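Side chains are part of it too, since the values below use all heavy atoms of this structure and drop only hydrogens, waters and symmetry mates. The shown structure was predicted, so the numbers you read here are calculated from the model rather than taken from an experiment.
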Protein chains: 2
Amino acid sequence: MTATDTTFRRLCAQHGIAVTHQRQVLYEVMQGMDGHPSPEEVYARVKREIPAISLATVYKNIHLFVESGVLREVSLHHGSQRVEMNEAEHHHMVCSRCKAISDISADALNLPEQRRQLPGGFLVERYSVDVIGICLECQGLERGASRV
Amino acid sequence: MTATDTTFRRLCAQHGIAVTHQRQVLYEVMQGMDGHPSPEEVYARVKREIPAISLATVYKNIHLFVESGVLREVSLHHGSQRVEMNEAEHHHMVCSRCKAISDISADALNLPEQRRQLPGGFLVERYSVDVIGICLECQGLERGASRV
DNA sequence: TATTGAACGATAACTTTTATTGTCTATACT
DNA sequence: AGTATAGACAATAAAAGTTATCGTTCAATA
């Protein structure tokens, strides 16, 4: 039993999900990847370990990992393109439960002075802040009676 | 000639794009929409004004508007899902030209104290900051010789 | 007003993601 | 340990979102 093996089993126990061979390999392979891999990239990489694995399994388990908090996704609103109709300077509040996006004025967030230059010589144009949290409606559902 | 009509013609002149009936109606319809409409939603709405319009036209012109700066998109990385492999607390630098995403530590941005509660009773879990700008490579391309 | 390159509509194709279905396996319970 | 069963798996079809192709029509400008 390796170290990551134990870690993964503990993670699964914590989040109440079953330990399977596919999930374990998936987790370990992803741990070894840098950057921000897409499901396809993960699939290509994990296929080297389990050639018979299905793309659907990769998708389902990435979802499961994200839902259960084992993993995080880069952006909560990557489904389809959305355009900005609010012309005022603003940022976004994104509900982590229902994914709803609402605007919040830049003032209400009082951000610090923006750097013009960042590590790696990155030239700053603007900041775009997503405040991740739970919207009022989803808070209500959480407190309220259980759904049928 | 209406007010928005004139506005739109000026915008097109500024950005060097042709004025067509479809683009004009598209622009006006979108101005009248709230929130963060998707291309499909825009299509449904604009179809009421121009029943014969094609979905492809909507997509092409939303792209054009975004590229030319007439319109902004909510998120620069909505293509496919991406998962986070960096476990440290960090944010992102997103190149507006090549869309590359790189990590930047939370310290390097020195964000203000996070509010726990925001307008509308939104309960904050965390902030996720995208710094939009131009990466070093794209700066080089810009300065350097013109491409073939 | 005639010319011409760009934009349009129709639709096929492509990419990404989800759903379905029959088989298999991990887990719980003897 | 042996078995029942809920859940996970692979294969694949289908849905959703987006882009490309191509013949026709229109806007810019001479």
| said: Quick check: is A/Met85 connected to A/Ile104 through a chain of hydrophobic side chains (ILVMFWY, heavy atoms under 4.5 Å apart)? | reply: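 Per the 4.5 Å side-chain linkage, A/Ile104 and A/Met85 are not co-clustered.
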| query | So which nucleotide from D/dC9, C/dT27, D/dA28 ends up closest to the side chain of A/Val19? | reply |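 The answer is C/dT27.
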| What's the closest nucleotide to the A/Arg23 side chain, out of C/dT17, D/dA28, D/dA8? |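 Side chain of A/Arg23 sits closest to D/dA8.
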Euclidean distance, atom [atom1] of residue [X] to atom [atom2] of [N] [Å, nearest integer]:
{"X": "B/Glu67", "N": "D/dT18", "atom1": "CD", "atom2": "C1'", "value": "14 Å"}
{"X": "A/Arg82", "N": "D/dA16", "atom1": "CZ", "atom2": "C1'", "value": "12 Å"}
{"X": "A/His77", "N": "D/dA16", "atom1": "NE2", "atom2": "C1'", "value": "19 Å"}
{"X": "B/Phe8", "N": "D/dA27", "atom1": "CZ", "atom2": "P", "value": "12 Å"}
{"X": "B/Lys47", "N": "C/dC8", "atom1": "NZ", "atom2": "C1'", "value": "13 Å"}
{"X": "A/Arg9", "N": "C/dT27", "atom1": "CZ", "atom2": "P", "value": "7 Å"}
{"X": "B/Gln24", "N": "D/dA28", "atom1": "CD", "atom2": "P", "value": "11 Å"}
{"X": "B/Asn61", "N": "C/dC8", "atom1": "CG", "atom2": "C1'", "value": "9 Å"}

Review item, nucleotides 10-14 of chain D N/O atoms under 3.5 Å of protein N/O:
| unit_1 | atom_1 | unit_2 | atom_2 | d |
| --- | --- | --- | --- | --- |
| D/dA10 | OP1 | A/Ala52 | O | 3.4 |
| D/dA10 | OP2 | A/Ser54 | N | 3.2 |
| D/dA10 | OP2 | A/Thr57 | OG1 | 2.3 |
| D/dA11 | N7 | A/Ser54 | OG | 3.4 |

| query | Would you say the side chains of A/Ser80 and B/Glu40 form a donor-acceptor pair under 3.5 Å? | reply |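 Result is no, nothing qualifies.
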| said: Hydrogens and angles aside, do A/His92 and A/Glu84 bring a side-chain donor and acceptor to less than 3.5 Å of each other? | reply: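 There is such a pair between these side chains.
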| said: So, OP1 or OP2 of C/dT18: does either fall under 4.0 Å of a side-chain N or O from A/His63? | reply: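 Yes, A/His63 has a side-chain N/O under 4.0 Å of OP1/OP2 on C/dT18.
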| query | Is the phosphate of C/dT18, meaning OP1 or OP2, less than 4.0 Å from a side-chain N or O of A/Tyr59? | reply |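 So the side chain of A/Tyr59 is outside the cut-off, no N or O lying under 4.0 Å from OP1 or OP2 of C/dT18.
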| Comparing B/Thr20 and B/Ser38 on DNA chain D - which has the more 5′ nearest nucleotide |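 Result of the comparison: B/Ser38.
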| 5' precedence on DNA chain D between B/Glu40 and B/Ala18 (nearest-nucleotide basis) |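 Per heavy-atom nearest nucleotide, the more 5' residue is B/Glu40.
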Nearest non-hydrogen partners of [X] and [Y], listed with the distance:
{"X": "B/Asp103", "Y": "A/His36", "result": "OD1-NE2, 2.7 Å"}
{"X": "A/Val19", "Y": "A/Cys12", "result": "CG2-CB, 3.7 Å"}
{"X": "B/Ile17", "Y": "B/Ser68", "result": "CD1-OG, 4.5 Å"}
{"X": "A/Val131", "Y": "B/Tyr127", "result": "CG1-CE1, 3.8 Å"}

| message | Over the length of the helix from C/dT1-D/dA30 to C/dT30-D/dA1, how much do the five-pair end axes diverge, rounded to 10 degrees? | response |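 The angle, to the nearest 10 degrees, is 40°.
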| CD of B/Glu87: more than 12 outside heavy atoms within 6.0 angstrom? |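 Count not over threshold, so no.
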| message | Please check if the number of heavy atoms outside A/Asp34 that lie under 6.0 Å from its CG is greater than 12. | response |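 No, because the 6.0 Å sphere around CG of A/Asp34 holds 12 heavy atoms or fewer from other groups.
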| Is the closest basic N to carboxylate O distance between A/Glu67 and A/Lys60 below 4.0 Å? |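 No, A/Glu67 and A/Lys60 are not salt-bridged.
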| task | Take B/Gly79 and B/Ile17, find for each the nucleotide of DNA chain C with the closest heavy atom, and name the residue whose nucleotide sits nearer the 5' end. | result |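 First, find each residue's nearest nucleotide; the 5'-ward one identifies B/Ile17.
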